Amino acid sequence: TLVSKDGTFSFPDVQLNNGANTIYAKAQVTGGKVSSNSNTLTVLYKKSNPKLELAGPDDNATVNTDQKMVVVSGLTDPEDTVTVNDHIVVVNPDGSFSYQQSLNDGDNTINVVATDSAGNQTKTTRHVKYSSPQ
């Protein structure tokens, strides 16, 4: 592409492949001299959102045990990060995860978010009611 008089240039139609893309530029002046490569940028492109499958708890579940806890568990892609109500959860090498979420009396909202390396997110919400055992 040609450089404008103020020294700027752009490549408006760069096609990205799914995954990591390496981008750099070279300059060529009249007469054929070519510069070295510019700094290299790596751009990660992913079209799809991460997988997020919850095994539990069920939506609108009621918990009435002595412990005011519920296990939030499921499956995502192994390289993704998972948070439960903004708490980072360990994702196992097979993509499974499990987290014990404390509950308040009454209605509780549990937000689960899987985030991939490109920043794409999948979000799921579960509503759980806690009532003390009778």
Side-chain angles (χ1 to χ4, degrees):
T1 192
L2 294 176
V3 177
S4 68
K5 290 181 181 182
D6 66 0
T8 60
F9 60 93
S10 68
F11 293 92
D13 296 321
V14 174
Q15 297 293 319
L16 297 176
N17 296 316
N18 201 32
N21 294 266
T22 303
I23 300 173
Y24 63 89
K26 289 183 181 184
Q28 183 175 358
V29 295
T30 307
K33 287 189 176 181
V34 178
S35 71
S36 301
N37 292 350
S38 66
N39 290 339
T40 300
L41 300 173
T42 300
V43 176
L44 183 61
Y45 176 69
K46 290 182 80 175
K47 289 182 184 181
S48 60
N49 289 339
K51 172 174 67 173
L52 178 59
E53 300 171 3
L54 283 188
D58 291 333
D59 198 23
N60 299 314
T62 299
V63 175
N64 56 1
T65 61
D66 288 333
Q67 294 182 343
K68 296 170 85 172
M69 305 284 264
V70 67
V71 175
V72 179
S73 63
L75 190 64
T76 190
D77 296 312
E79 65 276 1
D80 294 344
T81 19
V82 171
T83 59
V84 175
N85 287 352
D86 297 324
H87 296 279
I88 296 174
V89 177
V90 173
V91 176
N92 297 313
D94 64 355
S96 64
F97 62 89
S98 181
Y99 179 77
Q100 287 198 359
Q101 175 65 47
S102 61
L103 299 173
N104 297 314
D105 290 336
D107 295 328
N108 293 264
T109 300
I110 301 171
N111 296 304
V112 183
V113 180
T115 306
D116 66 19
S117 55
N120 299 318
Q121 293 186 329
T122 301
K123 301 175 183 181
T124 301
T125 299
R126 292 288 190 261
H127 299 92
V128 175
K129 184 175 185 172
Y130 178 79
S131 60
S132 8
Q134 302 294 330

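These values consider heavy atoms only, across backbone and side chains, with no hydrogens, waters or symmetry-generated copies. Counting begins at 1 with the first residue of the sequence. Everything numeric here is computed off the predicted structure, so don't read it as measured data.
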Notebook entry, point to check: Is there a donor-acceptor contact under 3.5 Å from the side chain of Thr122 to the main chain of Pro50?
Noted result: yes
Margin query: Would a single hydrophobic cluster contain both Val113 and Phe97, if residues Ile, Leu, Val, Met, Phe, Trp and Tyr are joined by side-chain heavy-atom contacts under 4.5 Å?
Written below: no
Item checked: Neighbour count above 12 (heavy atom, 6.0 Å) for Asn39 CG -> no
Next item on the list: Any chance you could lay out the side chain to side chain contact (heavy atoms under 4.5 Å, CB included) test for Asn49 and Gln121, step after step, and finish with the verdict?
Entry: CA-CA 6 Å; Asn49 289 339; Gln121 293 186 329; over 6 Å; no
Checklist line | Heavy atoms from other residues, nucleotides or ligands near CG of Asn60 exceed 12 (cutoff 6.0 Å) | finding: yes
Next item on the list: Could you tell me whether the side chain of Ser38 and the main chain of Lys26 form a donor-acceptor pair under 3.5 Å?
Entry: no
Next item on the list: Say whether, by atom type as modelled, one donor and one acceptor occur between the side chain of Thr81 and the main chain of Thr115 under 3.5 angstrom.
Entry: yes
Next item on the list: Report yes or no: does Asn85 contribute a side-chain atom to a donor-acceptor pair with the main-chain N or O of Gln101 at less than 3.5 Å?
Entry: no
Checklist line | Any donor-acceptor pair under 3.5 Å from Asp116 side chain to Asp80 backbone | finding: no
Item checked: Same cluster (ILVMFWY, side-chain, under 4.5 Å), Val84 and Ile88 -> no
Margin query: Determine whether Asp59 and Thr124 satisfy the following criterion, side chain to side chain contact (heavy atoms under 4.5 Å, CB included), listing intermediate values before the conclusion.
Written below: CA-CA 10 Å; Asp59 198 23; Thr124 301; over 6 Å; no
Notebook entry, point to check: Side chain of Asp77, backbone of Glu79: donor and acceptor closer than 3.5 Å?
Noted result: no
Next item on the list: Please test Ser10 against Thr1 for side chain to side chain contact (heavy atoms under 4.5 Å, CB included), starting from the C-alpha separation and ending with a verdict.
Entry: CA-CA 7 Å; Ser10 68; Thr1 192; over 6 Å; no
Checklist line | Closest heavy-atom pair and its distance - Ala20, Thr42 | finding: CB-CG2, 4.1 Å
Margin query: Can you confirm whether more than 12 heavy atoms, excluding those of Lys129, are under 6.0 Å from its NZ atom?
Written below: no
Notebook entry, point to check: Quick one: are Val63 and Lys68 in side-chain contact, heavy atoms under 4.5 Å?
Noted result: no
Note to self: Does any part of the side chain of Ser98, heavy atoms only, come nearer than 4.5 Å to the side chain of Val71, both counted from C-beta?
What the structure shows: yes
Next item on the list: Look up atom CD in Gln67 and atom OG in Ser102, then write down how far apart they are to the nearest 0.5 Å.
Entry: 11.5 Å
Next item on the list: Measure the spacing between OG1 of Thr76 and CG of Asn92 and express it to the nearest 0.5 Å.
Entry: 11.5 Å
Item checked: Nearest heavy atoms of Asp6 and Thr8, plus distance in Å -> OD1-OG1, 2.7 Å
Item checked: Any donor-acceptor N/O pair, Asp58 side chain to Gly56 backbone, under 3.5 Å -> no
Margin query: Tell me whether Tyr130 contacts the main-chain N or O of Thr65 through its side chain, where contact means a donor paired with an acceptor under 3.5 Å.
Written below: yes
Checklist line | Rounded distance (nearest 0.5 Å) linking atom CG of Asn111 with atom CG of Asp86 | finding: 7.5 Å
Notebook entry, point to check: Do you reckon Val14 sits in the same ILVMFWY cluster as Tyr45, going by side-chain contacts under 4.5 Å, direct or chained?
Noted result: yes
Notebook entry, point to check: Tyr99, Leu75: one ILVMFWY side-chain cluster at the under-4.5 Å cut-off?
Noted result: no
Margin query: Taking Tyr24 as the starting point, is it possible to reach Val3 by hopping between hydrophobic residues whose side chains are less than 4.5 Å apart?
Written below: no
Next item on the list: Measure across Ser131 and Thr62 and return the closest heavy-atom pair with its distance rounded to 0.1 Å.
Entry: OG-CG2, 4.1 Å
Next item on the list: Decide yes or no for Pro57 and Val72: does some side-chain heavy atom of the first lie under 4.5 Å from some side-chain heavy atom of the second?
Entry: yes
Check: In terms of heavy-atom contacts, does NZ of Lys123 have more than 12 from other residues, nucleotides or ligands at under 6.0 Å?
Finding: no
Item checked: Minimum heavy-atom distance between Asn108 and Gly106, given as atom pair plus value -> ND2-O, 3.0 Å
Item checked: Arg126 vs Leu54 side-chain heavy atoms within contact, under 4.5 Å -> yes
Item checked: Main-chain N/O of Phe11 paired with Asp13 side-chain donor or acceptor, under 3.5 Å -> no
